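If you're wondering where the values come from, they're calculated on a predicted model, not measured in any experiment. Reminder, nothing fancy here: chain letters follow the sequence lines and each chain counts from 1.
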Number of protein chains: 2
Amino acid sequence: MTDVPPHRGQPSPPLPRVRLVDVAREAGLSKTTISAALNGTGRLSPEVREKARETARRMGYRPNAAARRLRAGRARLIGYVVGEFADAPWNFLESPYFARLTAATAATSLRRGYAVVLLPAGSLQSEWADLSLDAVVVADPVADDPVVEDLLAARIPVFSDRSVEGRPGAYWVDVDAGGAVRGALDHVREQGARRPVVVVPDSTTRFHTEVFAAHEAWCAAHGVPVRVVRAGGPGNGPVIRAVETALTGDLAADSAADRARPDALLVVAEASPPLVLDATRRLGYGVPGDLLLVCVSEDVTAEHTQPPVTTLSLRPEAIAEAGIETLVAVLEHGDREAAGVLVPTRLDVRASSVRPAQAEYTSRPPT
Amino acid sequence: MTDVPPHRGQPSPPLPRVRLVDVAREAGLSKTTISAALNGTGRLSPEVREKARETARRMGYRPNAAARRLRAGRARLIGYVVGEFADAPWNFLESPYFARLTAATAATSLRRGYAVVLLPAGSLQSEWADLSLDAVVVADPVADDPVVEDLLAARIPVFSDRSVEGRPGAYWVDVDAGGAVRGALDHVREQGARRPVVVVPDSTTRFHTEVFAAHEAWCAAHGVPVRVVRAGGPGNGPVIRAVETALTGDLAADSAADRARPDALLVVAEASPPLVLDATRRLGYGVPGDLLLVCVSEDVTAEHTQPPVTTLSLRPEAIAEAGIETLVAVLEHGDREAAGVLVPTRLDVRASSVRPAQAEYTSRPPT
DNA sequence: ATGAAAGCGCTAACAC
DNA sequence: GTGTTAGCGCTTTCAT
């Protein structure tokens with residue numbers, strides 16, 4: 001628990017800030033008039049309004065946000081916290097997905113007049129208690145996330161994924177995980193793959209559980225055995241190891257046919273596409289000749305490998321935008337009815353998942 | 001832990017917040033007493049203090065931050081903006097260096113009781129005007145950065161790199177760029193390299209200009225021709241292209257000897273190490289056999305390539321910590337004398353820059 | 001059309 | 001020890 005010493009120390013450089021009353025005195029008008037002029041409220045003669053504005057500008061007047069907020073009763077501050085990564089609370093920005101989600105959240109919020117405060121993953125009350133946040137965005141909460149519980153208990157509106165659906169004070173937007181998995185698997189099937197294997201983290205976020213379920217359903221629907229390897233955690237190390245397991249056939253399989261080498265790999269975990277590609281090569285697979293590869297990733301390096309890697313984008317920007325728009329609607333117009341939104345994913349098909357017409361498009365493992 | 005009574009099945013209409021005065025009335029005490037009890041200020045009998053605290057907890061009292069801030073005159077809010085990337089204002093988080101710098105800045109600030117607000121790169125007044133930030137951290141400003149000018153003109157304390165040294169209201173911490181370059185070049189020289197080439201972005205940040213200068217100085221001191229390629233911008237594309245230029249010998253060189261193939265490559269631009277390694281291979285270089293490779297990077301994938309890539313870490317966490325500590329000292333104790341700090345870098349030697357004893361690609365333990 | 005004054009919730013002098 | 005009170009700077013009735 002981080003206890004902040006209560007308000008010791010003075011803002012020692014007592015730079016004389018220009019206040020509304022200073023502008024008023026200078027302009028020979030009243031506080032009210034200046035305020036109205038600056039905010040465009042009230043009925044003022046154009047000359048007076050102009051004079052007020054000009055004086056304020058000349059004096060370098062900048063309204064005091066704290067006073068405004070106190071008056072308005074709202075802080076225009078939104079917290080941002082991710083549910084995963086609770087054991088390494090600040091690592092989430094190293095994931096391209098969260099980096100972009102975070103950036104897009106901040107961008108959209110700022111555009112709507114809200115500042116975003118970065119919180120450590122899994123942070124509880126002590127971290128945000130004295131911040132008076134108008135709401136908190138909880139990205140990818142884990143199952144029964146204490147962060148969500150804590151926030152809701154403190155009556156702070158929570159914006160999160162579909163796992164909070166139905167809870168009072170909670171609103172959601174979510175990625176269409178099921179559609180994503182089906183789309184990716186359909187794609188490799190169209191390209192001729194019959195033995196796809198999936199790598200997905202062993203995490204309790206709604207996204208990952210849904211991916212897992214959608215994969216099982218898809219396999220059942222296509223009469224294909226379920227081949228899945230759960231990665232021990234986020235980060236390249238565990239995911240690469242899982243990829244190795246997936247490709248070396250240590251999978252439980254019911255028949256000899258099922259034990260055949262996989263012909264497609266879907267990695268639903270943030271790992272560096274170049275590293276995944278390297279791993280497939282080390283294990284003797286040519287991509288896309290022997291193995292079609294699709295990574296769920298926002299990592300831009302995917303375009304630069306040889307062959308370029310097909311990625312499934314979760315479209316963090318779209319999620320953030322839809323989310324913040326909804327949240328602002330709730331905050332400002334009390335749209336408590338705000339229905340959740342499901343954001344479709346986008347498959348960026350590149351050479352790694354396209355069965356080559358000629359062998360030259362295939363990166364061969366080193367001999 | 002949750003200090004708030006559970007929902008009593010109340011629908012969730014905007015429930016009036018519990019104020020200090022409410023707690024006071026409930027406890028049969030005065031606002032002052034409650035405030036003092038909660039803040040640990042003033043002289044109260046232990047029983048009264050405990051009663052006040054208990055009542056506040058029971059009622060789910062949460063202090064209003066806006067009111068506190070208004071009273072305190074400080075918002076406990078720090079802005080964070082990066083100078084580079086102004087043309088893609090939200091892309092900076094995709095750089096591992098800035099991702100970690102940002103995270104560490106937020107972490108350290110929060111620990112000291114300050115919330116960090118993310119601002120778009122290159123943002124001017126309109127973005128932060130009505131935020132009343134106590135200070136703004138400007139990471140890697142470009143030369144004569146308008147962001148810095150704007151902030152200083154608005155009398156907002158600026159925390160940045162050494163390029164702001166001497167300006168009133170500006171404070172700094174910086175990475176020891178010169179030492180970093182010398183360290184890396186000395187290292188490859190010790191490993192036997194005689195024709196190192198450097199790739200550095202064509203940017204006006206202090207870091208990059210200093211890298212450029214330090215490289216020239218080092219070359220002069222060692223009687224080695226200056227081989228440098230400036231990358232067109234950040235991002236993997238331009239940097240990889242620059243690497244290709246560097247390795248295909250399109251360098252201006254004065255003598256035939258100078259045109260010989262380089263035997264070491266120092267990439268001082270955030271590019272994905274696996275991609276850089278791939279590029280060297282495509283051009284027919286064996287690493288470390290033909291070419292020693294060092295990347296200035298915080299990218300964790302460097303450990304996972306084959307061979308692992310030697311990296312020079314700028315130690316963003318150390319920078320953020322030193323920076324925020326200094327900034328807080330300035331803000332809270334008015335240490336206007338606060339001398340800037342130079343943070344040393346760290347070379348993580350891996351196989352890519354260690355000349356193999358035998359002609360094989362054996363990685364050696366880091367020294 | 002303009003101004004005076006109340007008050008947002010909190011903290012800290014200053015009484016008692 | 002504890003309570004009363006005066007603001008922090010702003011917006012907003014409500015008079016004029």
Let me know the distance between [atom1] of [X] and [atom2] of [N], rounded to the nearest Å.
{"X": "Leu29(B)", "N": "dC10(C)", "atom1": "CG", "atom2": "P", "result": "16 Å"}
{"X": "Arg25(B)", "N": "dT4(D)", "atom1": "CZ", "atom2": "P", "result": "13 Å"}
{"X": "Glu50(B)", "N": "dG1(D)", "atom1": "CD", "atom2": "P", "result": "18 Å"}
{"X": "Leu44(B)", "N": "dT11(C)", "atom1": "CG", "atom2": "C1'", "result": "13 Å"}
{"X": "Lys51(B)", "N": "dT2(D)", "atom1": "NZ", "atom2": "P", "result": "11 Å"}
{"X": "Asp22(B)", "N": "dG9(C)", "atom1": "CG", "atom2": "P", "result": "9 Å"}

Counting N and O atoms only, with roles assigned by atom type, does the side chain of [X] sit under 3.5 Å from a partner on the main chain of [Y], one being a donor and the other an acceptor?
{"X": "Arg100(A)", "Y": "Glu317(A)", "value": "no"}
{"X": "Arg206(A)", "Y": "Val164(A)", "value": "no"}
{"X": "Arg69(A)", "Y": "Arg76(A)", "value": "no"}
{"X": "Asp134(B)", "Y": "Arg74(B)", "value": "no"}
{"X": "Thr205(A)", "Y": "Asp140(A)", "value": "no"}

Distance check: side-chain N/O of Thr33(A) vs OP1/OP2 of dT2(C), anything under 4.0 Å?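 No.
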Per-nucleotide protein contact string for nucleotides 6-16 of chain D, where B marks a base within reach and S marks sugar-phosphate only (heavy atoms under 4.0 Å, - for neither): -BBBBBBB---
Test salt bridge (Lys or Arg N to Asp or Glu O under 4.0 Å) on Glu149(A) and Arg167(A); report intermediate values, then the result. CA-CA 10 Å; Glu149(A) 303 306 322; Arg167(A) 305 201 55 173; 2.7 Å; yes
